[in-house]
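As the structure is a computational prediction, the values presented were derived from the model and not from experiment. Atoms considered below: every heavy atom in the structure, side chains included; atoms not considered: hydrogens, waters and symmetry mates.
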Amino acid sequence: MKNIKRLALALMVGGVCATASAQDFQEYQEFQRELVKKDNQKRNVDVSLGLGVNGGWVTSKVYTPIGEYSWKGSQGYTGELNCVFANGFGIGVDYQHSEASYPIGYGNTESELKLDYVLPYLIYGGSVGGNWLLKAMFGIGYGHYSDAGEGQGGFAMKTAASVEYLLNKHLGLALEVESRSSYYSEPEGFSNYKKNNESFGYSRLSFNLGLMVHI
């Protein structure tokens, strides 16, 4: 009889312990789910800063007193800020400066064409496996040129695609290929050079190599 009572008591204690253990385990699971949820919320927006150098060509025709030039080599630098959401869509803004030289016929004198852009843009992209990220971008904004002491601002646009390799959680190396175009009011004397229905502006194709910092 005593053995039966002891067995019953042991079963009751075991049941209480099992119930307590199950409750603890459920609470632990809920705690882990909350941690994962908070971590995912933090990652719903990927904010990154980029700084790099670029090289390319001014592809549009440029007229000087001694000739006509196109696909002239140019170089510069770019800074950008990107914000990409979990669904792959995002927004960004960049600043780019580039320079190209053109002979103007007075000895070895050259004219320095400087192009500057401030462009907000739309982004679509994300991870394609491993540490690789792909992005496509399109934007419109402000462009400015200066050449031989003259210059003005106008409308500008860009299309671009980039591939990035993440070195770690916060650093990546990115390569971007892009096309930019800018349009301005015709300066005095341009009608003497232009052909057909040409508009006044500049187009540039470039490759950007830079370091990305993910915040």
Verify, without hydrogens or angle tests, whether Ser60 (side chain) and Ser203 (backbone) share a donor-acceptor contact under 3.5 angstrom.
-> yes

Out of Lys158, Met157, Gln96, His97, which one pairs with Tyr117 under the side-chain contact (heavy atoms from CB on, under 4.5 Å) rule?
-> Gln96

For residues Tyr202 and Tyr184, determine if any side-chain heavy atom of one lies less than 4.5 Å from a side-chain heavy atom of the other.
-> yes

Any side-chain heavy-atom pair from Ile91 and Pro120 closer than 4.5 angstrom?
-> no

Would a 4.5 Å heavy-atom cut-off, applied to side chains only, mark Leu133 and Leu166 as touching?
-> yes

Minimum heavy-atom distance between Val58 and Ala100, given as atom pair plus value = CG2-CB, 4.2 Å

Please name the pair of heavy atoms, one in Thr59 and one in Ser70, separated by the smallest distance, quoted to 0.1 Å.
-> O-CB, 3.7 Å

Would you give the length of the straight line joining atom CG of Leu113 to atom OG of Ser98, rounded to the nearest 0.5 angstrom?
-> 7.0 Å

Do Tyr77 and Tyr142 share a hydrophobic cluster (ILVMFWY, side-chain heavy atoms under 4.5 Å, transitive)?
-> no

What distance separates Leu171 CG from His214 NE2, expressed to the nearest 0.5 Å?
-> 8.0 Å

Are Tyr183 and Ile140 joined in one hydrophobic group, where the rule is that I, L, V, M, F, W and Y side chains link up if heavy atoms are under 4.5 Å apart?
-> yes

Rounded to the nearest 0.5 Å, how far does CG of Leu134 lie from OG of Ser162?
-> 7.5 Å

Working to the nearest 0.5 Å, report the span between OH of Tyr102 and NZ of Lys72.
-> 7.0 Å

Is there side-chain contact between Glu164 and Glu176, with at least one heavy-atom pair below 4.5 Å?
-> no

Exercise: do Asn54 and Thr78 side chains pair donor with acceptor under 3.5 Å = yes

First locate atom CG of Leu51, then atom CG of Asn208, and finally report the distance between them rounded to the nearest 0.5 Å.
-> 11.0 Å

Determine whether the side chains of Arg204 and Ser179 contain a donor N or O and an acceptor N or O closer than 3.5 Å.
-> no

Which heavy atom of Tyr69 sits nearest a heavy atom of Pro103, and at what distance?
-> OH-CG, 3.1 Å

Applying salt bridge (Lys or Arg N to Asp or Glu O under 4.0 Å), which residue pairs with at least one partner in residues 115-128 are found, sequence neighbours left out?
-> none

Joint hydrophobic cluster, Val47 plus Leu49, side-chain heavy atoms closer than 4.5 Å | yes

Any pair with a residue in residues 144-157 that passes side chain to side chain donor-acceptor pair (under 3.5 Å), sequence neighbours left out, goes on the list, sorted by first then second residue, please.
-> Ser111-Asp147

Looking at Glu178 and Arg180, does any basic side-chain N land under 4.0 Å from a carboxylate oxygen?
-> yes

Would you mind reporting whether Asn82 and Met212 have side-chain heavy atoms less than 4.5 Å apart?
-> yes

Should we count CG of Leu175 as having more than 12 external heavy atoms under 6.0 Å?
-> yes

Side chain proximity check, Tyr121 to Thr159, heavy atoms < 4.5 angstrom | no

For side-chain contact (heavy atoms from CB on, under 4.5 Å), just list the numbers for Val163 and Trp132, CA-CA rounded to whole Å, side-chain angles, deciding distance to a tenth of an Å, and then say yes or no.
-> CA-CA 7 Å; Val163 57; Trp132 294 97; 3.7 Å; yes

From CZ (Phe138) to CG (Leu122), nearest 0.5 Å | 8.0 Å

Looking only at heavy atoms, which two atoms of Asn87 and Tyr124 are closest? And how far apart?
-> O-CE1, 3.9 Å

Residue pair Leu173 / Leu167, side-chain heavy-atom distance below 4.5 Å = yes

Connected via hydrophobic side-chain network under 4.5 Å: Trp57 and Leu115 = no

